[in-house]
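Okay, so here's the structure we're looking at.
When reading the values below, keep in mind they use all heavy atoms of this one structure, side chains included, and skip hydrogens, waters and symmetry mates.
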Amino acid sequence: MLQMIDPKVWERMGIYDPEQFIDRYLKIELKQVIGTDMQITSKSAVVGFKNLHELREVIFRYADFKTAEDVGLVLPEPTVNVIEVDMDQAQERKYAGYVEEIEDSLKSTDMRDKAQILGLLARMALVSIHSDLDEGYDWKTAASADVDPISPKFKAMAKRVNAAQHCGHIVFCDNVAAHRWIVQTLVKHGVPEKRIAVLNAVVAKNTADRQRIALEFNGSDETAPIYDVVVANAVAYEGIDLQRRTCEIHHIDLPWEPATLQQRNGRGVRQGNTLDAIAINYYFAKRSQDGMRFNLIQGKRGWMVNLIKSQDRDTNNPGAQMNLGPDEILLMISRDPERTRQMLDALKEKAEAERRAKIAEHARRTLYKANARFRRAEYKTGEIAAQLRAEGEELLEELSELDPQAWPFYPWAVNVREKEILVGDAGVVLYEGLRVGVKSAYSDRKDYAEFGRVRGEKVGVRRYGAYDFVAYEAKDAAISMLKPENLHASWDFDADLEGALRGLEALGGWDWRLSEGIASSSFSWQYASDQFMRRVWERLGAKITEALAGTAGYYSRGQRVPVVKQGKLVIAKQEGIRDGRVLAFHLDGWRAFLQMAEQGLLDKSLSHTDLQDAADFWFARKVPRGILSTEKYKEDLEEALYS
């Protein structure tokens, strides 16, 4: 609507489409809801607004909202009464029958059975008004039906009307057959039929009829009113003034939205009412949907009032916090709550598992988006880098709002700012340097492990005391089973590494053990953590390079060792390894390797293939494309420094 007044209103806010509006101002979370098949499912729900200070500024620039109090209008003081009634035997019998049908439909695998559940709930709402209202009567047939018109709700309403016949009463109910029986009930309780008017599309077919009834209900200073009671439905919601002498409004049923309820009450709570107070009466059938529906309406109304009147920047939708599922609704309407609860427990357990899985999957995708932003920011500068990091932080903020009971790994997710991450199928966050402890299946002790490099969809794992790394995929069961308590593990890491290094020292045979480079199947050090590789180099670097230099024959064929000789990078094997300083096979050595290539400090005979062969053998990393060119390799080079 605002765009009709000012077509550029949202563009000036940087909002160019509905998706951007939604992202900017709506809080959206996954919530459990009931589908038309009455199955629990997780759907995106609007749970509130955010950045309301901006939204209000735009709205109030073009619109002004005033209440009656704001402009000094004198209105009658409303008093709300909730009148609870027991359903009669006929209502209870039908209600129980519908509940049983719903429960049977829930058990059924036939979607046609499930599709009828919402219709059954609608019939139950009719039965809570009158036991025969679900039989399809209309205004005409209800008059001749062999039906007792009185129901508990009608009776309670009629008693209140009869006790105050000196003023005006409006009785709201949408069903026109109910109108016929409401009139008959009022008459049986002492209200003269000639003092009762009906406002529905059957009786009052045109505007003139409706205005006449309104005038004859209100009366005037000169003319006495003809009617004391108006029985109405949606026909009376707008354009009809009934306020002059209305003392009570009676709601036999309830709408679903607060605007309709406000329109109903607005027929009497209105300027021009000559009374100081007005009673608003709600009639609830016990153990029915009435209370639930009323609470939902009130929650919606409070949320929308806060949107306009509050000064808060954020607001929550109470209706979205109710998490109404089949258990809440069916237990409310069930005639045998314990049996219904037992039937629903299995459904709820299954649904909860599905909900957690969906939240974990949502977290996984969001975290990978954040990872892409932070990793790219590492080889960008200036505003581009800042924007990428800001986008990454927004995604982390979104993750922080997820239900920690469903996805408890946010405290570890923040490491994505500095480290490449991998997310397991169950949502567990993995990264280089993470240490875990899992209770042993064979004793009370814990088995400890260190995580190494993340490479694609795999991550390296080194068990306590071991010197080799094993590659695990995100979907592996050993990864999926990890829980937050496993990620709090701590142990004497130096002692652990010392044991691993002693084991490596005892091995020897480096000439053949590393004949295929650090990606040797014996160690899989392409997945090793940088911390581990630094300690290995510190302890065994000299022995390893000396052993490789002395290699002869078959085991020397694949050697490609980066050596700095007279300030130049050369790729050496066998004796040539001794001719200069061997670059370490940890991250600092890799960065030095790339920087020398960038600066042209290398043997002129080296090709890109030569560099990649050395990178595969010694670092298990990828050389950026065009590294031997002038400018076009720069971005790839910067990215490779962090890969």
Side-chain angles (χ1 to χ4, degrees), residues 67-69 73-85 128-129 151-176 178-179 181-183 185-186 189 191 195-200 203-204 210-211 213-219 225-285 290-291 293-295 297-298 300-301:
T67 65
E69 183 180 358
L73 293 181
V74 179
L75 302 181
E77 184 68 28
T79 301
V80 175
N81 303 304
V82 174
I83 298 98
E84 291 189 302
V85 298
S128 71
I129 297 172
S151 76
K153 282 189 178 184
F154 297 166
K155 183 177 181 180
M157 176 273 301
K159 286 183 176 179
R160 294 185 70 90
V161 171
N162 191 48
Q165 290 192 37
H166 61 280
C167 56
H169 297 260
I170 308 173
V171 181
F172 281 110
C173 185
D174 281 339
N175 188 280
V176 294
H179 289 184
W181 297 335
I182 288 171
V183 171
T185 302
L186 286 167
H189 282 79
V191 180
R195 303 293 293 179
I196 304 170
V198 176
L199 268 176
N200 62 40
V203 177
R210 297 164 191 173
Q211 291 297 338
I213 291 172
L215 290 172
E216 292 173 346
F217 173 76
N218 284 319
I226 295 175
Y227 301 118
D228 295 321
V229 182
V230 171
V231 181
N233 59 10
V235 165
Y237 290 175
E238 296 180 358
I240 302 291
D241 292 330
L242 300 169
Q243 71 272 20
R244 190 173 189 275
R245 56 188 293 268
T246 297
C247 61
E248 296 195 42
I249 295 176
H250 307 265
H251 297 280
I252 301 299
D253 62 1
L254 290 169
W256 275 110
E257 68 286 340
T260 300
L261 192 60
Q262 190 171 18
Q263 285 180 324
R264 283 186 175 188
N265 290 333
R267 297 312 93 207
V269 185
R270 196 178 186 90
Q271 185 184 26
N273 194 316
T274 58
L275 303 177
D276 294 330
I278 184 171
I280 310 295
N281 303 315
Y282 297 98
Y283 297 87
F284 292 174
D290 291 340
R293 185 179 292 194
F294 183 71
N295 289 334
I297 295 169
Q298 292 296 91
K300 287 181 178 179
R301 181 181 182 279

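- Separating the CH2 atom in W181 from the CG atom in N175 is a distance of 7.5 Å, to the nearest 0.5 Å.
- Across every non-hydrogen atom of G268 and P76, the tightest pair is O-CG, 3.9 Å.
- Checking I252, I170, L199, I182 one by one against V231, the side-chain contact (heavy atoms from CB on, under 4.5 Å) holds for a single residue, I182.
- With sequence neighbours excluded, the residues satisfying side-chain contact (heavy atoms from CB on, under 4.5 Å) with I226 are E216.
- Screening T274, N218, D228 for a side chain to side chain donor-acceptor pair (under 3.5 Å) with R245, the sole residue that qualifies is D228.
- Taking CG of N81 as the reference point, atom CD of E248 lies at 7.5 Å (rounded to 0.5 Å).
- Here the straight-line distance linking atom OH of Y282 with atom CD of E84 works out to 14.5 Å at 0.5 Å rounding.
- H251 and R264 are linked by a side-chain donor-acceptor pair at a separation below 3.5 angstrom, with hydrogens and angles left out of the test.
- Between T185 and A158, the shortest heavy-atom distance links the atoms CG2-CB, 4.0 Å.
- Side chain of D253 to main chain of I129: no donor-acceptor pair is present (N/O by atom type, distance under 3.5 Å, no hydrogens or angles).
- Scanning both residues, C173 and N233, for their nearest heavy atoms gives O-CB, 3.3 Å.
- With hydrogens and angles left out, the side-chain atoms of N200 and H179 include a donor and acceptor closer than 3.5 Å.
- Taken from CD1 in I280 to CD1 in I249, the straight-line distance is 4.0 Å, to the nearest 0.5 Å.
- With N273 contributing its side chain and Q243 its backbone, the two residues share a donor-acceptor pair below 3.5 Å.
- If you take CZ on R267 and CD1 on I278, they are separated by 11.0 Å, rounding to the nearest 0.5 Å.
- H169 has its side chain out of reach of V230: every pair of non-hydrogen atoms, C-beta onward, lies at least 4.5 Å apart.
- Looking at every heavy atom in both residues, H189 comes nearest to N162 through O-CG, 3.1 Å.
- When all heavy atoms are compared, the tightest approach of I83 to R160 is CD1-CD, 4.2 Å.
- To the nearest 0.5 Å, the span separating OG1 on T260 from CG on L254 amounts to 11.0 Å.
- When all heavy atoms of Y283 and M157 are compared, the pair lying nearest together is OH-CA, 3.3 Å.
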